[in-house]
Enquirer: 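Below is a structure I'd like to ask you about.
As the structure is a computational prediction, the values presented were derived from the model and not from experiment. These numbers come from the heavy atoms of this one structure, side chains and all, not from hydrogens, waters or symmetry mates. Letters A, B, ... are given to chains in the order of the sequence lines, protein chains preceding strands, and every chain is numbered from 1.
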There are 2 protein chains.
Amino acid sequence: MAKSTYRSRPTLRDIAHIAGVSAATVSYVLNGKGSVSAEVQKLVRKTAKDIGYRANYVAKATRTGQTLSIGLILPDLKNPFFPQLAQAVQSAARAAGYAVFLMDSQGDIEVEREGAEDFISRGVEGIVWCPATEHDSLSEYHADVPIVVVDRPLPNYDAISSDYYSGGGLLADYVLAQGHRHIGMIVGPQSLSSAKQRRDGFVDRIKGCAEIDWEVENDFSIELSDEVRRQLNDFDVSVIGCGNDFIAIGVIRALHELGRRVPKDVSVVGFDDIPWAAFSIPALTTIRQPFTKLGNEAATLLVRRILGEGGPHVNMTLGMRLVTRGSLSRH
Amino acid sequence: MAKSTYRSRPTLRDIAHIAGVSAATVSYVLNGKGSVSAEVQKLVRKTAKDIGYRANYVAKATRTGQTLSIGLILPDLKNPFFPQLAQAVQSAARAAGYAVFLMDSQGDIEVEREGAEDFISRGVEGIVWCPATEHDSLSEYHADVPIVVVDRPLPNYDAISSDYYSGGGLLADYVLAQGHRHIGMIVGPQSLSSAKQRRDGFVDRIKGCAEIDWEVENDFSIELSDEVRRQLNDFDVSVIGCGNDFIAIGVIRALHELGRRVPKDVSVVGFDDIPWAAFSIPALTTIRQPFTKLGNEAATLLVRRILGEGGPHVNMTLGMRLVTRGSLSRH
DNA sequence: CTAAAAGCCTTAAACGTTTAAGTCAATCGA
DNA sequence: TCGATTGACTTAAACGTTTAAGGCTTTTAG
């Protein structure tokens, strides 16, 4: 009874029958293989078109073993980091003829696992994975299918991530060049490698050139802890470096409530260049993460692996660049 | 040569062979059908586990005709409207056992078409579609597979959208209740039904109670046209109603550049309650669109159609609600 | 005690493709 | 003229499942 109202699609055999040739012949012309006379080719194509034939990929896949699909697992689409990534992965995959299954793990590593398992049952030929945590929750699927992890180098995987350390350095250079010598830092959770690297890159470059007056940790979130809010009353620093743009936007907001003007009274810099960064008031000076390139490269690398490209796991790292807007002024 | 380094997965026949039973028996126990002795059940399950068997959905699908997958087509993941929707669709689909293929049409109706075609070739059992334009670009796939369109009622489709008209009214009520009597409006492109409805809902309620001093059109975008920017110099209106939150954020920004304070000098209201709305300064008073519910309902309805539920096309409309934050003050 | 029913398992066909191998006729080269 | 090659097409098996039909063996009912 299910689907009863929807038409069942014509098959390759239907074409064969109508055109009076064998199924094999139809398959050959539709795939441009074998040798078939121009006459028959034309006939087959015509009947295919006439009856509205469309290939059945799943039948095709049973025979060839190729589903031409990949899976994308990411932690939370609501985080503005991921839509761009997903878009790029899908677009690059599509260009290579692959469709992409989407799985939002909601930050749950158990869901990540189940998702990967489900994907593999569905025959995906590879997975692009943006891990929710530092935990290698997909290790058991590793042998079944190539996996490219993005945003985080993970041992035993192909990995593509932004060069956070250099990005931190880039930001430090600019902060120094603009004359700032007293700096407050609100870093992301240092248990996350991505948070640690951007911090270290920044700090290492600052070292000896200026003073880091204080450094506190906060979630990668707009909500600031009480400890952080207290630090915001410090009038000695001329700039506050934030672990990411969320924190920076939260800081600008909190500063605004405290009656301190950005960047007049104190400058603020972020990290990532999420879409909102351009539209805060003032617009955020930040380090741009190449979201789109990240996704494109991940999908492209994955496809290469699928096509059999060997070699050791790559750990590709993409350059970041400084985006200067209004939230930091000369000091 | 491709995939040579990845293990080929054990099949149901492998289990059968090892356990010394027929493939049919294995299938029966794995699917909980037929009648199989407890003994054999145990044996089969054990061997399945031992050799790390995982069902091959594509083989299964050739036989059953059910791929347990649906497609999701949307115009632009970068638009903050869609990530939440996608998340909800995926989540609800997953709960029903369905996986979802993602396709970002980039606003191109040709891509929409190709995407749908590709999906159908891949055997999706249904499609959730968020049209990029008012154009019914998927009409030809309509007969193949159930399609639920979201955000826009479209004739001959099941449709789920927010009740924009009522939402507009809700906003008008609040604006009036707060004492505003002179209103400027920056509406979205009136060729879009969603833009038109929210405008009409607002205007119809205002009518007779207050003055709409001016009304201009702008894209649903943060970038404002010159005409719009000129209007912003009008000191007569006490509130500016915007077609969506993007426009509202752009307006707050432009007003800020003009030296006018929001909401002290003039109030601003948006529409949609995109995630950024809460974090602008001041935070936006707006009408919340039930993104998550929209996605959930769409997926659930689609699944019901897939399972064979008949009946005429539904045109479900979801209530919106007012979210009061700081961008509008009493007048 | 026997016929019918129930329980447990197998056989084999089917789903819509692809593709290796084979057939047959026409063409070619010497 | 004849064997070999080429060209055009077909046959049939295979991919990994599901499932209707059937065949034993054991249990049940009368």
Side-chain angles (χ1 to χ4, degrees), chain A residues 2-3 7-45 47-48 51-69 118 120-125 144, chain B residues 1-3 7-45 47-48 51-69 120-125 144:
Chain A
K3 331 193 58 186
R7 70 176 173 223
S8 67
R9 314 196 293 105
T11 74
L12 178 147
R13 275 205 168 82
D14 292 334
I15 302 177
H17 195 245
I18 296 174
V21 298
S22 73
T25 299
V26 176
S27 176
Y28 284 132
V29 357
L30 260 24
N31 294 302
K33 293 184 177 175
S35 75
V36 181
S37 70
E39 224 177 348
V40 172
Q41 291 212 24
K42 210 170 147 202
L43 172 62
V44 165
R45 269 188 243 279
T47 33
I51 66 174
Y53 172 78
R54 259 186 286 278
N56 178 332
Y57 281 40
V58 356
K60 193 182 284 220
T62 54
R63 183 65 229 251
T64 63
Q66 319 210 146
T67 58
L68 293 180
S69 66
D118 185 71
I120 290 178
S121 277
R122 300 191 120 92
V124 298
E125 299 184 50
D144 291 322
Chain B
M1 42 97 260
K3 330 196 58 186
R7 70 177 172 221
S8 67
R9 315 197 294 105
T11 76
L12 179 148
R13 274 206 168 80
D14 292 334
I15 301 178
H17 196 242
I18 296 175
V21 298
S22 74
T25 300
V26 176
S27 176
Y28 284 132
V29 359
L30 261 25
N31 293 303
K33 293 184 177 175
S35 73
V36 182
S37 69
E39 226 177 349
V40 172
Q41 290 211 25
K42 211 170 144 200
L43 172 62
V44 165
R45 268 189 243 279
T47 33
I51 66 175
Y53 172 78
R54 260 187 285 278
N56 179 332
Y57 281 40
V58 354
K60 194 182 284 220
T62 53
R63 185 62 230 252
T64 64
Q66 319 208 149
T67 57
L68 293 180
S69 65
I120 289 177
S121 276
R122 300 191 120 92
V124 299
E125 299 183 49
D144 290 322

Enquirer: Write down the distance between CG (A/L30) and C1' (C/dT18), rounded to a whole number of angstrom.
Expert: 12 Å
Enquirer: Distance check needed: C/dG16 P versus A/I51 CD1, whole Å only.
Expert: 12 Å
Enquirer: Can you list every side-chain hydrogen bond (donor to acceptor under 3.5 Å, both in side chains) pair that touches residues 11-29 of chain B, not counting sequence neighbours?
Expert: B/S22-B/T25, B/S27-B/N31
Enquirer: For a 4.5 angstrom cut-off between non-hydrogen side-chain atoms, does B/V26 reach B/Y53?
Expert: no
Enquirer: For A/T64, which contact category applies under a 4.0 Å heavy-atom criterion: base, sugar-phosphate, or nothing?
Expert: sugar-phosphate
Enquirer: Round to a whole Å and report the spacing from NE2 of B/H17 to P of D/dG16.
Expert: 15 Å
Enquirer: I need the CG-C1' distance between B/L12 and D/dT19, as an integer number of Å.
Expert: 13 Å
Enquirer: Expressed as a whole number of angstroms, how long is the span from A/R9:CZ to C/dT17:C1'?
Expert: 12 Å
Enquirer: Could you tell me whether B/R7 and A/D144 have a side-chain N and a carboxylate O separated by less than 4.0 Å?
Expert: yes
Enquirer: Just N and O in the side chain of B/K60: are any of them under 4.0 Å from OP1 or OP2 of D/dG16?
Expert: no
Enquirer: Take atom CD of B/Q66 and atom P of C/dC15, then tell me their distance rounded to the nearest Å.
Expert: 16 Å
Enquirer: First locate atom OH of B/Y57, then atom CG of B/L68, and finally report the distance between them rounded to the nearest 0.5 Å.
Expert: 7.0 Å
Enquirer: Expressed as a whole number of angstroms, how long is the span from A/I15:CD1 to C/dT18:P?
Expert: 10 Å
Enquirer: Looking at B/N56, I'd like to know whether one of its side-chain N or O atoms comes within less than 4.0 Å of OP1 or OP2 on D/dC15.
Expert: no
Enquirer: Strictly below 4.0 Å: does A/K33 bring a side-chain N or O up to OP1 or OP2 of C/dT18?
Expert: no
Enquirer: Could you measure the distance from the CD atom of A/E125 to the OG atom of A/S69? Nearest 0.5 Å is fine.
Expert: 6.5 Å
Enquirer: Starting at the 5' end of DNA chain C and moving along, which residue's nearest nucleotide shows up first, A/V26 or B/A59?
Expert: B/A59
Enquirer: Does A/A55 offer a backbone N or O that forms a donor-acceptor pair with the side chain of B/S121 under 3.5 Å?
Expert: yes
Enquirer: Nucleotide by nucleotide, 5' to 3', does protein get under 4.0 Å of the base (B), only the sugar-phosphate (S), or neither (-) in nucleotides 6-14 of chain D, counting heavy atoms?
Expert: --BBBB-BB
Enquirer: Determine to 10° how strongly the helix from C/dC1-D/dG30 to C/dA30-D/dT1 is bent, judged from the axes of its five-pair ends.
Expert: 40°
